[in-house]
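Everything on this sheet refers to the single structure shown next.
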Amino acid sequence: QVQLVESGGGLVQAGGALRLSCAASRRTFSNYTMGWFRQAPGKEREFVAAISWNGGSTNYAYSVKGRFTISRDNAKNTLYLQMNSLKSEDTAVYFCAGGRTLWPTPSRSSYDYWGQGTQVTVSS
């Protein structure tokens, strides 16, 4: 069992930046592909970005490519999401997730562990 705790959310103006963190409870964090997903009110949870166990491969949703950067520090058991040039449509609850898939897949069903989420609100 891996517990994931997100932090770093908040209120920011459009064009601003935020950095989300996700702390994992176990040292086996490095065995997992990690991802970020988000869910806006009344919408399905959607893929944002994912990163392979060693950081060698990444995958981004088209809507965030070039603005968001996913990274990880396996020594600190921590996943990050740097979000720049934020838009009002980025407003959502952001979740981190971990799975034993080899590829940083956008498929929700490939992730076994989920955090509770952190709210990101972008004002226009």
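Shown here are the side-chain contact (heavy atoms from CB on, under 4.5 Å) partners of Ala40, two or more places apart in sequence or in another chain: Lys43, Ala92. For Ala23, the side-chain contact (heavy atoms from CB on, under 4.5 Å) criterion is met by no residue, not counting sequence neighbours. Remark: Leu102 engages no residue in a side-chain contact (heavy atoms from CB on, under 4.5 Å) (not counting sequence neighbours). Under the ring pair (Phe, Tyr, Trp, His ring centres under 6.0 Å) criterion, Tyr80 pairs with no residue, sequence neighbours left out. Arg67 is linked by a salt bridge (charged side-chain N to carboxylate O under 4.0 Å, His left out) to Asp90, counting only residues two or more places apart in sequence or in another chain.
Considering CG of Asn31 and CG of Asn54, their distance stands at 11.5 Å, rounded to 0.5 Å. For the atom pair Glu89 CD and Ser124 OG, the distance stands at 9.5 Å (nearest 0.5 Å). Here CG of Asn77 is found 7.5 Å from OG of Ser30. Values are rounded to the nearest 0.5 Å. With values rounded to the nearest 0.5 angstrom, Trp53 atom CH2 is found 13.5 Å from Thr28 atom OG1. Atom CZ of Arg19 sits about 11.0 Å away from atom CG of Asn84, to the nearest 0.5 Å. To the nearest 0.5 Å, the span separating OG on Ser57 from CH2 on Trp103 amounts to 5.0 Å.
Pairs of residues two or more places apart, or lying in two chains, never qualify as salt bridge (Lys or Arg N to Asp or Glu O under 4.0 Å) while including a residue from residues 69-79. Listed by first and then second residue, the ring pair (Phe, Tyr, Trp, His ring centres under 6.0 Å) pairs that reach into residues 4-32 are Tyr32-Tyr113, sequence neighbours excluded. The disulfide bond (SG atoms under 2.5 Å apart) analysis of residues 6-96, with sequence neighbours excluded, yields the pairs Cys22-Cys96. Counting only residues at least two apart or on different chains, the salt bridge (Lys or Arg N to Asp or Glu O under 4.0 Å) pairs with a member in residues 45-56 are Arg38-Glu46. Pairs of residues two or more places apart, or lying in two chains, that qualify as salt bridge (Lys or Arg N to Asp or Glu O under 4.0 Å) and include a residue from residues 106-119 are Glu44-Arg108.
In terms of heavy-atom proximity, Ala49 sits nearest to Leu81 at CB-CD1, 4.3 Å. Across every non-hydrogen atom of Ala50 and Thr105, the tightest pair is CB-O, 4.1 Å. Taking both residues in full, the closest heavy atoms of Ala24 and Leu4 are given as CB-CD2, 3.8 Å, listed atom of the first, atom of the second, then distance.
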Dump the intermediate steps for side chain to side chain contact (heavy atoms under 4.5 Å, CB included) on Gln82 and Leu20, then the final yes or no. CA-CA 6 Å; Gln82 178 67 43; Leu20 304 184; over 6 Å; no
Give the C-alpha distance, both sets of side-chain angles, the deciding distance and a yes or no for side chain to side chain contact (heavy atoms under 4.5 Å, CB included) between Val120 and Met83. CA-CA 10 Å; Val120 172; Met83 305 186 295; 3.9 Å; yes
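No donor-acceptor distance shorter than 3.5 angstrom exists from the side chain of Gln119 to the backbone of Gly9, with no hydrogens or angles considered. Remark: side-chain polar atoms of Thr91 are paired, donor with acceptor, to backbone N or O of Val122 under 3.5 angstrom.
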List the atom pairs, with distances to 0.1 Å, where a side-chain N or O of residues 58-66 and a protein N or O form a donor-acceptor pair under 3.5 Å, not counting sequence neighbours.
residue	atom	partner	partner atom	Å
Asn59	ND2	Pro104	O	3.1
Tyr60	OH	Ile70	N	2.9

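In this structure, Tyr94 and Leu18 have side chains that are not in contact, with every pair of non-hydrogen atoms separated by 4.5 Å or more.
The hydrophobic cluster containing Phe37, built from Ile/Leu/Val/Met/Phe/Trp/Tyr side-chain heavy atoms closer than 4.5 Å, also comprises Phe47, Val93, Phe95, Tyr111, Trp114.
The neighbour count for Gln3 CD, taken as heavy atoms of other residues, nucleotides or ligands under 6.0 Å away, does not exceed 12.
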